[in-house]
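First comes the structure, then the notes that go with it.
Predicted model only: the values in this text are computed from it and were never measured.
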Amino acid sequence: MAYWIKLLYERNTYVVDLDDVGTFVCDPSNRLSFYVPGSRAKIILTKQNHLEAYEQVLNYLQQITADAMQGYWVTIEFERNKYIVDLDRVRAFIQTTNDRLMFYPEGNQSAIVITAVADPATYRKLIHYIEQRTGHRLG
């Protein structure tokens with residue numbers, strides 16, 4: 001099921017199916033961002049500059065995080081940002097020798113790093129996901 005939104009951003013008009021976006025980021029100043037599927041274009045929405053699109057994305061995020069049938073969405077706090085990530089779209093997980101879990105969310109150049117000490121609940125959730133989805137046990 002598609003969830004299309006239309007928005008004007010940097011003098012371009014975008015029509016984006018949010019169902020094709022695998023990662024959303026909310027920073028401490030409440031800016032919402034995501035990469036346009038199939039491109040390197042990054043959309044950054046604020047209440048002040050893009051209220052309608054901002055609210056549409058928030059509504060979408062509320063739906064997908066509440067609906068277990070649409071992917072495996074998790075919310076992860078990392079480096080002062082909140083990442084809303086569909087783990088079903090992550091293509092690799094890395095466990096380092098010091099028990100850090102790393103992965104690269106769709107569209108992001110930087111890895112998200114989770115440790116069992118700093119964020120035990122998210123760490124356990126990721127380990128469980130990896131074991132259930134891949135059949136491989138880490139640790």
What are the two closest heavy atoms between [X] and [Y], and how far apart are they?
X	Y	result
Y3	Q63	CE1-OE1, 3.5 Å
H50	L8	CD2-O, 3.4 Å
S110	P105	O-CD, 3.7 Å
E131	L138	OE2-N, 4.1 Å

Please list, chain by chain and in numerical order, all residues satisfying ring pair (Phe, Tyr, Trp, His ring centres under 6.0 Å) with [X], sequence neighbours excluded.
X	answer
Y123	none
Y35	none
Y83	none

Side-chain heavy atoms of [X] within contact of [Y], under 4.5 Å:
X	Y	answer
T115	D99	no
I76	I114	yes
F34	T23	no
I94	Y104	yes
D86	V21	no
M102	I112	no
Q48	Y54	no
P28	N81	yes

Counting only N and O atoms by type, is there a donor-acceptor contact under 3.5 Å from the side chain of [X] to the main-chain atoms of [Y]?
X	Y	answer
T122	D119	no
D20	P37	no
N59	E55	yes
Y14	K6	no
E106	G22	yes

Measure the [atom1]-[atom2] distance between [X] and [Y] for me, rounded to the nearest 0.5 Å.
X	Y	atom1	atom2	value
L61	K82	CG	NZ	10.0 Å
T46	L51	OG1	CG	9.0 Å
L45	N49	CG	CG	9.5 Å
I64	L18	CD1	CG	8.5 Å

With sequence neighbours left out, write down each residue that passes side chain to side chain donor-acceptor pair (under 3.5 Å) with T13, or none if nothing qualifies.
none

Would D27 and R80 satisfy side chain to side chain contact (heavy atoms under 4.5 Å, CB included), going step by step from the backbone distance to the final call?
CA-CA 7 Å; D27 70 16; R80 298 182 36 193; over 6 Å; no

One pair to check against side chain to side chain contact (heavy atoms under 4.5 Å, CB included): V85 and F24. What are the steps and the verdict?
CA-CA 7 Å; V85 179; F24 296 87; over 6 Å; no

Taking only residues two or more places apart in sequence or in another chain, which ones pass side-chain contact (heavy atoms from CB on, under 4.5 Å) with P120?
R124

V16 vs I43, test: side chain to side chain contact (heavy atoms under 4.5 Å, CB included). Steps then yes/no.
CA-CA 10 Å; V16 178; I43 304 287; 5.7 Å; no

Does W4 sit in a hydrophobic cluster with other residues, and if so which ones, taking ILVMFWY side chains as linked at heavy-atom separations under 4.5 Å, directly or through other members?
V15

Please walk me through it: do R31 and C26 pass side chain to side chain contact (heavy atoms under 4.5 Å, CB included)?
CA-CA 5 Å; R31 295 183 310 173; C26 186; over 6 Å; no

From W73, Y72, Y129, residue fulfilling side chain to side chain donor-acceptor pair (under 3.5 Å) relative to D88
Y129

